[in-house]
Amino acid sequence: MNIRSCTRMIAATAAAALLLTSCSGTSGTTQTESAGTAKEGEVTGAIGVTWWGGDQRNELTNAVADMFVKEHPGVTIERQSADWTGYWTKVNVQAAGKSLPCVVQIQGRQLNDYTKNNVLIPLDPMIDAGTIAISDIPKEVVDAGRGTDGKLYFLPYGVAYDAVGINTTLAQQAGVDLPAEGYNWDDFVSFLTEAQPKLPAGVAAVDSRGGITNFFIGWAQANGKQVFGEDGKLGFSKEDLTGYWNMWEELRKANVTMSADKTAEEPTSTEQSYLATGQVMADTLPGNALTPASKTLTGAHSDQTLTSIPYPSGPNGSGNPLYPSGFAIAENCQNVPTAAAFINYFTNDPAAGKVFSADNGAPSNTKVLDAVLADASLAATKKHELELYKQILAATPPIIVFPPGYQATFEASFARNYNEAAFGRMTVAQAVDAFFSEANAGLGQ
Amino acid sequence: MTSGTTPQQTLTKTSAGREATPRQLRWRSRKAREAAAAYAFLTPWLLGMVLLTLGPMLYSLYLSFTRYDLLSDPKWVGFANFVQMFTADSRFLKSVGVTLVYVLVSVPLLLVVSMLLALLLNKSMKFLTAYRVLFYVPSLIGASVAIAALWRLIFGADGIINQVLAVVGIHHDSSWVGSPHDALTTLIILAVWAFGSMMIIFLAGVRQVPRELYEAAAIDGAGVFRKFFSITLPMLTPLIFFNTLMATIGAFQAFTGAYVVSGGTGGPIDSTLFYTLYLYQQGFAQLNMGYAAAMAWLLVIVLAAVTGFFFWTARFWVHYGDE
Amino acid sequence: MMSTIQARAPRPIFGRKQSTNPIIRAVVRHALIICVLVILLYPLVWMVAASFRPSNQIFTTLGLFSAHPTLANYTEGWGAGRLNFSRYFINSFLIAILSIVGNLISCSVTAYAFARLNFPGKKFLFAMLLGTMFLPFQVTLVPQYVIFNYLGWINTYLPLIVPHWFGVNAFFIFLMVQFIRSLPRELDDSARLDGCGHFGIFARIIMPLALPAIGVVALFSFVWSWNDFLGPLLYLGRPDLWTVPLGLKAFLDSTGQSSYGGLFAMSTLSLAPIVGFFILAQRLLLEGIATTGIK
């Protein structure tokens, strides 16, 4: 070893380092929005679209995006998708960095967190200009996209609802009839209580669902209780919630429901739910989960079938709120005309609707809905889902305006506090108190 | 002989004012060159610190004194977050409790289990490589999304554990992972299940102990336990120290297992609400990023104290080979 | 150390004489290990077995065998989404390899400075090094995102790779510091006599001897990079950039249809590279870790 070999080696290493730093060696473009050569109103240039979903949803959304790109040469769409929880983490981080993609999928439950902070732009100017059409969308559904200031912030394209899924085979075996149309919560409770003793061992009439917010909101609406007040805080009373939770606790203690710990371990995905595996007779089921749940049920027990009926109604009418999802435009978007055109296309174009085949709830546009229903190749369960939507819509369901802080606080706190009562850690009264203080602290800020 | 650098002009005087000897000059210039070289070597790390790490760290420290919901600008609130943590947040205290239990139970278990298995896999034997790989594999999948499904399979109400128990006559019908008083236990088991990396470290350490020591002890009549406590254990103390410290820091920051198994909720009813999981909920789900930052910096203080304590106690029980 | 042990006749263990048939002891040993392995690995074995069952029958049994074995999960899972899983594997590999190289280079030079050189501020900087390990990543996530967004690096691999080239993994640096300190200083001195400056010593003496520590860092670096979910979630929006964990997550969808068959099949496959890497690095590893903490 000598000086010369040392210095030679140093030189070689330095050269290698220089070489490495000069290759960027990565793929991918930079920001999603270009400043755009688009003039006002011209549909061209790049936009980013982000949505939540699994494989199937991604495929269908991408297919529609491809169709839009084909019809509008000069447009490029950068697509981003993630699973439900990852999606919100991502959107929030992007919003913090003011780098949201132009087109953002959203629901009413999160909307006002973003409108409160001017993260999204109103769509009313585009409606007035005719770029976005709402004439074929029922008014209640459109209104779901409005923020607390009354302006429209997202255009609903798919309307989800919750239903009561019932294993008809098990119900038959237990010798009970399905609840009649227009049934109320008392009918529902007696339906379950009647069936329980006659069900096979290990099968419960229903899951322990006192902690599911959507069920409660349905009950509140059906019984004329306001869910949220003008100030964004809770609009119902402690007595209301106590009564509701006591109802579920009685069912649970009578073993009409699944035990609390079994419900706690139940996976969140449809295919693994107790309803889809034949371990409960009835359960709350997202409307568009009927098809995958039926498939799973048939796989596990080839002789069993599933159907869905609306939520119980009440003295105030339908207890079946609607939960539309749609696309909004981010405030930092630099290509608003194209974004608006994309949103309009996705929601209103019949060909796009057919390709998307109602994957995220029933199409909000009635013409698209009819076109999908008219499709002969539509699966029976899917047809039932869409028909049920029409039935619910006809009953003029309530649309709820969710205050800021809902997504962050309400659901988790509701479920957790009910579980405190269900596991015997607190009395129902204490749980209600705890929920009220937590929720009111987080809502409507 | 030397690299031929010239003495620095400014270092020609000693502190006493006398002319520095050539030897002292060479020593000083070597020190200066060494420092220069050191900083040259440190350049990547220093750049990374300043550009990528320090900024976010200091920013998060700033955030801990603010209310920040990610969607609007941070608002200064002083110590309000810290006060709220200790006086008005029962879930915070719950998360501290859950994490402490987790640390105090899982770290010793991990150490013991990985040590025992390292001893077991110490002899040269057939299939040794295969065994090592197989014991290591669980720690590779511990962070995967598939873990939630697998964990329910084992610890669910109809899971493997309950079925095995039923075979031996114990009827445990409730779910382990769905019950508030058992859910944390299942996560501790998950941590211990993934002991592979620690075992590999111990294994290498055990194999480094000179055979002659064991042979001499055997001649003197030492039994298995004596050999372990008098030879193996002392020689492993540096590794035990390293592993314990790293495992403790890791356990305080444990996140992924609870996140995946509880679906991010920390449920049922907060029984698996680890500190960093609650922090994550506050920051990203409840949009209280300032509060989350306050929780994070509290953890930094605790970990710094724990590490300092470890290093202080080390002198009493860690034996380095060259002392 | 041995002087305190009195000389006495060997005491039999478990009633057997010390010189039991070594074959029996080996069998007992192997049986014990296999027992523990069965318990330990049953969930994974079940997962692999489940991946060969039709998707809607996966959770119907705790056993391993099924009446209708099928490869559908593998073929469908591999071609899942718009892009094949092969794309995700390639992406993950690319990121992992570049991260490993970056880690090795930046962590070793940093460790050399802390282990071998003296300089003003050394204690303070070392304390800072350890300190960076204490802060949970959840709170640096957003500021780092803002930085990378400002640089225009979103939707590229740069945020996942570049930090590793600047020594952000204090764990690895600490590990290598421990190792280098165990190497005798005489080797440095003899190299210096031959005219090597610090860099020469580093490159020609320390690094070759540090090969085992390099094996450790390489293995852990690979595993952590391969399994990283949150980084790719935030920085890789476009599906053609996705890594394996993102691809796996897409199989689960609480708002629609999940595919556990595909998830289990692809999870099984995604273990293969890590296990392969481990077998390769194993030799280096076992010699490496031994000296890292001991001295």
_Report which part of B/D69 has an atom under 4.5 Å of a heavy atom belonging to chain A: side chain, backbone, both, or neither._
side chain

*Proximity breakdown for B/P180 and chain A, heavy-atom pairs closer than 4.5 Å*: both

*Could you tell me the separation between the CG atom of A/D261 and the OG atom of B/S179, rounded to the nearest 0.5 Å?*
4.0 Å

*Determine which residues belonging to residues 409-420 of chain A lie within contact range of chain B, meaning some heavy atom pair is under 4.5 Å apart, and list them by number or answer 'none'.*
A/R416, A/N419, A/E420

*Quick one: of A/P267, A/A260, A/S259, who has the most non-hydrogen atom pairs under 4.5 Å with chain B?*
A/P267

*At what distance, to the nearest 0.5 angstrom, does OG of B/S90 lie from CD of A/E438?*
7.0 Å

*Mind listing the closest non-hydrogen atom pair of B/F284 and A/N92 along with its distance?*
O-ND2, 3.5 Å

*In terms of heavy-atom pairs under 4.5 Å, which option from B/D270, B/D173, B/V177 contacts chain A the most?*
B/D270

Show the atom names and distances, to 0.1 Å, of all donor-acceptor pairs under 3.5 Å that link a side chain in residues 150-162 of chain B to residues at least two apart or in another chain.
from: B/W151; atom 1: NE1; to: B/T186; atom 2: O; distance (Å): 3.1
from: B/R152; atom 1: NE; to: A/E265; atom 2: O; distance (Å): 3.1
from: B/D158; atom 1: OD2; to: A/K262; atom 2: NZ; distance (Å): 3.4
from: B/N162; atom 1: OD1; to: B/H172; atom 2: ND1; distance (Å): 3.1
from: B/N162; atom 1: OD1; to: B/W176; atom 2: NE1; distance (Å): 2.8
from: B/N162; atom 1: ND2; to: B/G156; atom 2: O; distance (Å): 3.4
from: B/N162; atom 1: ND2; to: B/A157; atom 2: O; distance (Å): 3.0
from: B/N162; atom 1: ND2; to: B/H172; atom 2: O; distance (Å): 3.0
from: B/N162; atom 1: ND2; to: B/S174; atom 2: O; distance (Å): 3.0

*What's the verdict on side chain to side chain contact (heavy atoms under 4.5 Å, CB included) for A/W88 and B/L287, showing C-alpha distance, side-chain angles and the deciding distance?*
CA-CA 11 Å; A/W88 295 111; B/L287 300 180; over 6 Å; no

*For B/Y68, enumerate each residue passing the ring pair (Phe, Tyr, Trp, His ring centres under 6.0 Å) test, keeping only those at least two apart in sequence or located in another chain.*
none

*Can you see which heavy atom on A/A408 is nearest to which on B/A285, and at what distance?*
CB-O, 3.2 Å

Under 3.5 Å, sequence neighbours excluded: what are the donor-acceptor pairs made by side chains of residues 42-52 of chain B?
from: B/T43; atom 1: OG1; to: B/Y39; atom 2: O; distance (Å): 2.9
from: B/T43; atom 1: OG1; to: B/A40; atom 2: O; distance (Å): 2.7

*Using non-hydrogen atoms only, which part of B/T265 is less than 4.5 Å away from chain A: side chain, backbone, both, or neither?*
neither

*Locate the shortest heavy-atom distance separating A/F423 from B/G178; write the atom from each residue and the value.*
CZ-O, 3.3 Å

*asked:* If you count every heavy atom of other residues, nucleotides or ligands that lies below 6.0 Å from A/R425 atom CZ, does the total exceed 12?
replied: yes

